[in-house]
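Read the structure below first, then the notes.
As a basis for the values below, the full set of heavy atoms in this structure was taken, side chains included, without hydrogen atoms, waters or symmetry mates. Along the sequence shown, residues are numbered consecutively beginning with 1.
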Amino acid sequence: RRRAIQGEDMPHEIPYWQSSQHEIDFVVSAESFLEVKRGSAGPLDFSWFPSAHPKARLRVVCTSAFRTDTVESVSLEEFMEELEAR
């Protein structure tokens, strides 16, 4: 929606990040990434993230709660509430 409002030619293209071993669903900005999991996840699932993106933060939408220096989880309900508040 924001991209369409800003007049971008291809607002439907949502960038993702991928390496040979890992993938992140959405690149919000150079410092902000978003991963969506159907069930639970934990901090060890993303222990590789700080070395791959040392200055970035990752939010994981999932059913479990956790937080590290660079990775935090959020429930789908919380995530949707945040979107509505913007």
Exercise for review: Compare all side-chain heavy atoms of Trp48 with those of Gln21 and state whether any distance is below 4.5 angstrom.
Suggested key: no
Check your understanding: Residues in salt bridge (Lys or Arg N to Asp or Glu O under 4.0 Å) with Arg57, at least two apart?
Key -> Glu72
Point to revise | Qualifying residues under side chain to side chain donor-acceptor pair (under 3.5 Å), relative to Trp17, sequence neighbours excluded | key: none
Practice item. Output yes when a side-chain donor or acceptor of Gln18 lies under 3.5 Å from a complementary backbone atom of Glu23, and no otherwise. Key: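 Looks like no, no N/O pair under 3.5 Å.
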**Study point:** Side-chain (Ser40) to main-chain (Thr63) donor-acceptor, under 3.5 angstrom
**Key:** no
To the nearest 0.5 Å, what is the distance between [atom1] ([X]) and [atom2] ([Y])?
X: Lys37; Y: Phe46; atom1: NZ; atom2: CZ; result: 5.0 Å
X: Ser20; Y: His22; atom1: OG; atom2: NE2; result: 8.0 Å
X: Leu34; Y: Ile24; atom1: CG; atom2: CD1; result: 9.0 Å

Check your understanding: So if you build clusters from Ile, Leu, Val, Met, Phe, Trp, Tyr with side-chain heavy-atom gaps below 4.5 Å, do Val60 and Leu44 land together?
Key ->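 Shared cluster, no.
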Exercise for review: Mind listing the closest non-hydrogen atom pair of Ala56 and Phe49 along with its distance?
Suggested key: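 Heavy-atom minimum between the residues: O-CE2, 3.7 Å.
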**Study point:** Closest heavy-atom pair and its distance - Phe66, Cys62
**Key:** CE2-SG, 4.1 Å
**Study point:** Glu82 with Arg59: basic N within carboxylate O range, under 4.0 Å
**Key:**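 Salt bridge: yes.
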